[in-house]
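For the single chain, residues carry numbers from 1 onward in sequence order.
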Amino acid sequence: MNTFRTNLKDLRQNLNVNTVSAGLVAAIFGCTGPALIIIGGATNGGLTYTETISWIFAVYFFSGLLGMYLALKYRQPISAAHSIAGAVLVAGSLTHFSISEAVGAYLVAHILVIVLGASGLIDKVMKLIPLPIVMGMIVGVMIRFATEMITAVTVSPLLAGAAIIVFMLSTRFLKKVPPVLSALIVAVVLAVVTGAFSVQNVQDTFILPHLVMPAFSIDAIISIGIPLALLIICTENAQATGVLMAQGYNPPNNAMAYKGSIVGLIASLFGGHAINIAGPMTAICSSKEVGEKDSRFAASFANGGFFAIFGLFASLVVPFVIAMPSVIVTVIAGLAMLGVLINSLKTAFSDTKFQMGAFFALIIGMSGITFFNIGAPLWAIIGSLIVSFLVEKDHFKSRVKEAKEQVKTVKKGKVETTA
């Protein structure tokens with residue numbers, strides 16, 4: 001509690017142009033494409049407009065509150081959101097199950113994650129995986145943000161090209177202004193001037209969240225609940241853990257899992273499919289460009305605040321989200337990820353050990369493969385571990401030896417201190 005109060009007191013001085021702009025960029029990324037996936041899924045699933053807005057409220061408002069709490073609690077740039085892959089999964093399932101059956105499956109998924117997180121198993125597993133492999137996975141999974149930034153230039157040379165050029169010039173000449181913020185402002189101004197940003201069907205009525213009573217169906221639990229739990233642990237949280245490790249943090253893996261799903265239980269009753277830690281948003285808020293390592297938690301706090309506001313006023317702001325040119329979101333997200341990608345690449349391939357494993361983690365992550373409704377991040381870890389066990393077995397032996405020596409050193413130090 002004392003640590004929480006201390007971090008809360010320090011928050012004001014750490015909320016500056018850099019941290020707030022990083023939180024804003026992360027929020028724009030999280031509130032555009034992912035929200036449109038929910039809107040599309042809800043429409044195809046036959047949900048009413050009220051149920052759709054309630055779904056958006058649930059995943060953004062509660063994930064925003066969770067992100068603000070975790071950032072203050074652990075003083076780390078931990079951003080919470082909803083599972084994008086989970087939204088795609090649910091969108092396809094709503095044609096077969098009612099919203100009440102889906103909510104019942106969401107509750108089961110979160111209970112599974114709470115049990116695994118509270119057991120301490122998640123943290124133990126993550127610590128067993130060699131760091132180069134984790135970093136290779138992060139680069140593989142997130143490199144698409146950088147490549148899509150480049151291809152966006154072919155879609156809109158003016159908006160995308162201007163954003164990239166302004167980012168570079170700002171990095172070179174405007175040291176006190178976050179380059180991503182400069183790029184975002186110029187891109188939005190150009191979009192407005194050229195008519196690419198046009199708002200239609202603006203709502204002037206506030207829609208209250210809609211409670212959904214759960215119904216439990218074995219088929220829905222198997223089709224939605226179990227895959228959703230695996231996505232939360234193995235895809236969403238795993239990405240965020242890797243990002244935080246790449247930036248030198250020691251993420252509280254178990255707490256991120258079970259605390260996220262405790263909040264997720266509440267969100268489920270309003271139609272929210274999943275609350276978890278967000279890899280891309282955490283990457284944006286934890287990059288070196290945000291500021292000193294000890295201050296970046298403020299970026300995730302700001303990100304959480306923007307998410308909560310977006311969720312609360314979803315019925316009023318959704319038309320503006322739809323109006324945002326997708327090319328701007330793509331380019332700004334890519335620019336915001338550059339620091340994390342470069343850092344992760346250095347960590348993955350600067351060591352002489354686990355290089356083959358790290359490379360396979362990279363290419364499997366890039367492939368985007370999906371088996372059994374589980375995405376590339378988990379398969380990148382599993383596949384690369386198998387490769388390393390086959391090709392780099394000696395590296396595991398030396399790793400175990402080093403760990404034993406560290407334990408002996410710690411014990412020896414404790415004995416000397418006692419004496």
Side-chain angles (χ1 to χ4, degrees), residues 55 58-59 62-63 65-67 69-71 73-74 76 78-90 93 97 99-129 134 137 211-245 250-279 282 370-375 377-379 381-382 385:
W55 183 357
V59 293
F62 289 110
S63 67
L65 295 182
L66 175 66
Y69 166 75
L70 291 175
K73 172 70 175 175
Y74 298 102
Q76 295 186 33
I78 303 171
S79 292
H82 68 88
S83 169
I84 299 173
V88 174
L89 169 70
V90 171
S93 302
F97 303 104
I99 183 64
S100 293
E101 289 174 323
V103 167
Y106 304 161
L107 291 171
V108 172
H110 285 300
I111 290 170
L112 287 173
V113 176
I114 290 169
V115 170
L116 290 172
S119 70
L121 185 63
I122 296 173
D123 194 49
K124 290 177 182 176
V125 171
M126 288 305 298
K127 285 181 178 177
L128 289 174
I129 303 170
V134 176
M137 178 271 286
L211 272 171
V212 182
M213 292 304 294
F216 295 94
S217 160
I218 296 297
D219 289 341
I221 290 170
I222 293 172
S223 300
I224 301 175
I226 295 174
L228 192 58
L230 291 172
L231 281 173
I232 291 171
I233 296 171
C234 303
T235 303
E236 309 298 344
N237 287 11
Q239 282 187 53
T241 295
V243 165
L244 290 167
M245 290 169 66
N250 182 25
N253 297 310
N254 295 321
M256 292 192 307
Y258 75 77
K259 288 181 179 179
S261 281
I262 288 172
V263 175
L265 288 175
I266 302 169
S268 295
L269 297 176
F270 292 94
H273 64 287
I275 301 293
N276 49 257
I277 311 307
T282 297
T370 301
F371 289 124
F372 309 112
N373 288 319
I374 300 173
L378 177 62
W379 298 119
I381 295 293
I382 293 174
L385 282 174

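Here the side chains of Ile266 and Ile275 are not in contact, with every heavy-atom distance at 4.5 Å or above. The side-chain heavy atoms of Ile78 and Pro252, taken from C-beta on, include a pair separated by under 4.5 Å. Between Thr282 and Leu244 there is a side-chain heavy-atom pair separated by less than 4.5 Å. Taking the side chain as every heavy atom from C-beta outward, Tyr258 and Val113 never approach each other to under 4.5 Å.
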Distance-only donor-acceptor pairs under 3.5 Å for side chains of residues 100-109, two or more places apart:
| unit_1 | atom_1 | unit_2 | atom_2 | d |
| --- | --- | --- | --- | --- |
| Ser100 | OG | Met213 | O | 3.1 |
| Glu101 | OE1 | Ser98 | N | 3.0 |

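Residues that satisfy the side chain to side chain donor-acceptor pair (under 3.5 Å) test with Ser79, not counting sequence neighbours, are Ser300, Asn303. Residues satisfying the side chain to side chain contact (heavy atoms under 4.5 Å, CB included) test with Leu121, not counting sequence neighbours, are Leu116, Ser119, Val125. Residues forming a ring pair (Phe, Tyr, Trp, His ring centres under 6.0 Å) with His110 (at least two apart in sequence, or on another chain): none. For Thr241, the side chain to side chain donor-acceptor pair (under 3.5 Å) partners two or more places apart in sequence, or in a different chain, are Asn253. By the ring pair (Phe, Tyr, Trp, His ring centres under 6.0 Å) test, Tyr74 pairs with no residue at all, sequence neighbours left out.
Across all non-hydrogen atoms, the minimal contact from Gln239 to Gly279 is CB-CA, 4.0 Å. The two atoms that bring Ala257 and Gly117 nearest to each other are CB-CA, 4.3 Å, heavy atoms only. Looking at every heavy atom in both residues, Ile114 comes nearest to Ser261 through CG1-CB, 3.5 Å. The two atoms that bring Gly272 and Val59 nearest to each other are CA-CG1, 3.7 Å, heavy atoms only. Listed here is the closest heavy atom pair of Ala80 and Ser63: CB-O, 3.3 Å. Between Phe270 and Ala58, the shortest heavy-atom distance links the atoms CB-CB, 3.7 Å.
With rounding to the nearest 0.5 angstrom, the CE atom of Met137 is 10.5 Å from the CG atom of Leu385. The distance from atom CG of Leu228 to atom OG of Ser223, rounded to the nearest 0.5 Å, is 12.0 Å. Within the model, atoms NZ of Lys73 and CG of Leu66 stand 13.0 Å from one another, a figure rounded to the nearest 0.5 Å. Taken to the nearest 0.5 Å, the CG atom of Leu70 stands 5.0 Å off from the CD1 atom of Ile277.
At least one donor-acceptor pair under 3.5 Å links the side chain of His273 to the backbone N or O of Ser83. With Gln76 contributing its side chain and Asn250 its backbone, the two residues share a donor-acceptor pair below 3.5 Å. The backbone N or O of Asn237 lies less than 3.5 Å from no partner atom in the side chain of Asn276, so there is not a single donor-acceptor pair.
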Chi angles and distances behind the side-chain contact (heavy atoms from CB on, under 4.5 Å) call for Val263, Leu65
CA-CA 9 Å; Val263 175; Leu65 295 182; over 6 Å; no

Show your working on side-chain contact (heavy atoms from CB on, under 4.5 Å) between His82 and Ile232 and close with a plain yes or no.
CA-CA 9 Å; His82 68 88; Ile232 291 171; over 6 Å; no

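Annotation: Ile218, atom CD1; neighbour count of heavy atoms from other residues, nucleotides and ligands within 6.0 Å does not exceed 12.
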